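What you see below is based on every heavy atom in this structure, not just the backbone, and it leaves out hydrogens, waters and symmetry mates. Just so you know, ligand 1 is whichever comes first in the structure, and atom 1 is the first atom listed for that ligand. Just so it is clear, the structure is predicted and the values come from calculations on it, not from any experiment.
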Amino acid sequence: MRRKIVVGNWKMNNSVAESETLALDVLAALGEGFSGCEVGIAPTYLALEATGRILEGSEVQLVAQNCHYENDGAYTGEVSARMINAVGCTSVIIGHSERRQYFGETNATVNLRIKKALSEGLQVILCVGETLAEREAGVTESVISSQVREGLDGISSISPIVIAYEPVWAIGTGKTATSAQAEEVHLLIRTLITELYGKEAAEALRIQYGGSVKPSNAAELFAMPNIDGGLIGGASLNAEDFVAIVKAASR
Ligand code: PGA
């Protein structure tokens, strides 16, 4: 059985002090000794170190929202995989649709960032997902297929990677994909991975769903055979809601 994984993506929200408070609230709501599923939170780069200190010794992992593909150098505004590793991150989100949409991220740069993160020993959450226009044009399958194939190009093992399917039209819009719509794409992704890495690796791969996951719809989504947890944006900014989602994944 695959262990479910739920990660809160705080995006560009919360100052350092606010991140510390929210992390403490998440730990309190989870309760001591929680082990129901894998849990992570991804504050801004600025709050990683302070949040990491709060999470130390707990089951909750420190996750970064992105990382660059060089170790250091003239890349104003960027932070490297080596640096996030050094502050205690165990995982990193790569290729989030907001990075693709607003910051020119492409499948090629996603691929470079994944390779660097893996070389630092980090677990990678690779985000894929189609826009509304792509869904309506009937090209969801080909978009997801290129994002997966090109994102993973030249990567020999899928085991340190989690894939997050996040339909862009469902992110922050309140419109969740139905569990059947999500399941269909999750199955497509698992089939692609079977083709690329074999059956055993594909069976072990965790595929998260992301896009307006809330306490009210989490259980139904997580009950689908190919949905192995969630990447949570808006609802992760409230400790009670986030923990309710984590608990839905732990049943
Ligand atoms: P949302 O964001 O839960 O606010 O829709 C999900 C994500 O972008 O990771």
Exercise. His186 vs Tyr165 aromatic rings, parallel, tilted or perpendicular, using cut-offs 30° and 60°?
Worked result: perpendicular
Exercise. Hydrophobic clusters join Ile, Leu, Val, Met, Phe, Trp and Tyr when side-chain heavy atoms are under 4.5 Å apart, directly or via other members; which others share one with Leu46?
Worked result: Val16
Exercise. Does Gly210 have a heavy atom less than 4.0 Å from any atom of ligand 1?
Worked result: no
For this session: Of all the heavy-atom pairs spanning Asn66 and Tyr45, show the shortest one and how long it is.
Result: O-OH, 2.9 Å
Run the side-chain donor-acceptor check on residues 223-235: report pairs under 3.5 Å with partners two or more places apart or on a different chain.
from	atom 1	to	atom 2	distance (Å)
Asn226	OD1	Arg190	NE	2.5
Asn226	ND2	Glu183	OE2	2.7
Asp228	OD1	Arg2	NE	2.9
Asp228	OD1	Arg2	NH2	3.4
Asp228	OD2	Arg2	NE	3.2
Asp228	OD2	Arg190	NH2	2.8
Asp228	OD2	Ile207	N	2.9

Seminar exercise, completed: Short version for Ile171: what comes under 4.0 Å of ligand 1, heavy atoms counted, is both
Problem set entry | Under 3.5 Å: N/O of Lys11 near N/O of ligand 1 | yes
Problem set entry | For Pro215 against Ile245, the heavy-atom pair lying closest together | N-CG1, 3.7 Å
Problem set entry | Backbone N/O of Glu150 and side chain of Asn107: donor-acceptor pair under 3.5 Å | no
Seminar exercise, completed: for atom 3 (O) of ligand 1, nearest protein heavy atom and its distance come out as Gly233 N, 2.9 Å
For this session: For Ser179 and Leu221, indicate whether the former's side chain and the latter's backbone hold a donor-acceptor pair under 3.5 Å.
Result: no
For this session: Using a strict 4.0 Å cut-off to heavy atoms of Gly172, name the atoms of ligand 1 that fall inside it.
Result: 1 (P), 4 (O), 5 (O)
Exercise. Should Gly234 be counted as touching ligand 1, given the test is an N or O pair under 3.5 Å?
Worked result: yes
Exercise. In ligand 1, which numbered atoms sit nearer than 4.0 Å to a non-hydrogen atom of Glu166?
Worked result: 6 (C), 7 (C), 8 (O), 9 (O)
Exercise. Quick one: does Ala170 get a heavy atom under 4.0 Å from ligand 1?
Worked result: yes
For this session: May I ask whether Ala235 has any heavy atom positioned less than 4.0 angstrom from an atom of ligand 1?
Result: no
Exercise. Going by the order shown, which atoms of ligand 1 are within less than 4.0 Å of some heavy atom of Asn9?
Worked result: 9 (O)
Exercise. For ligand 1, which atoms sit closer than 4.0 Å to a heavy atom of His96?
Worked result: 7 (C), 8 (O), 9 (O)
Exercise. Of the non-hydrogen atoms in Val128 and Ile163, which two are nearest, and what is the gap between them?
Worked result: CG2-CG2, 4.0 Å
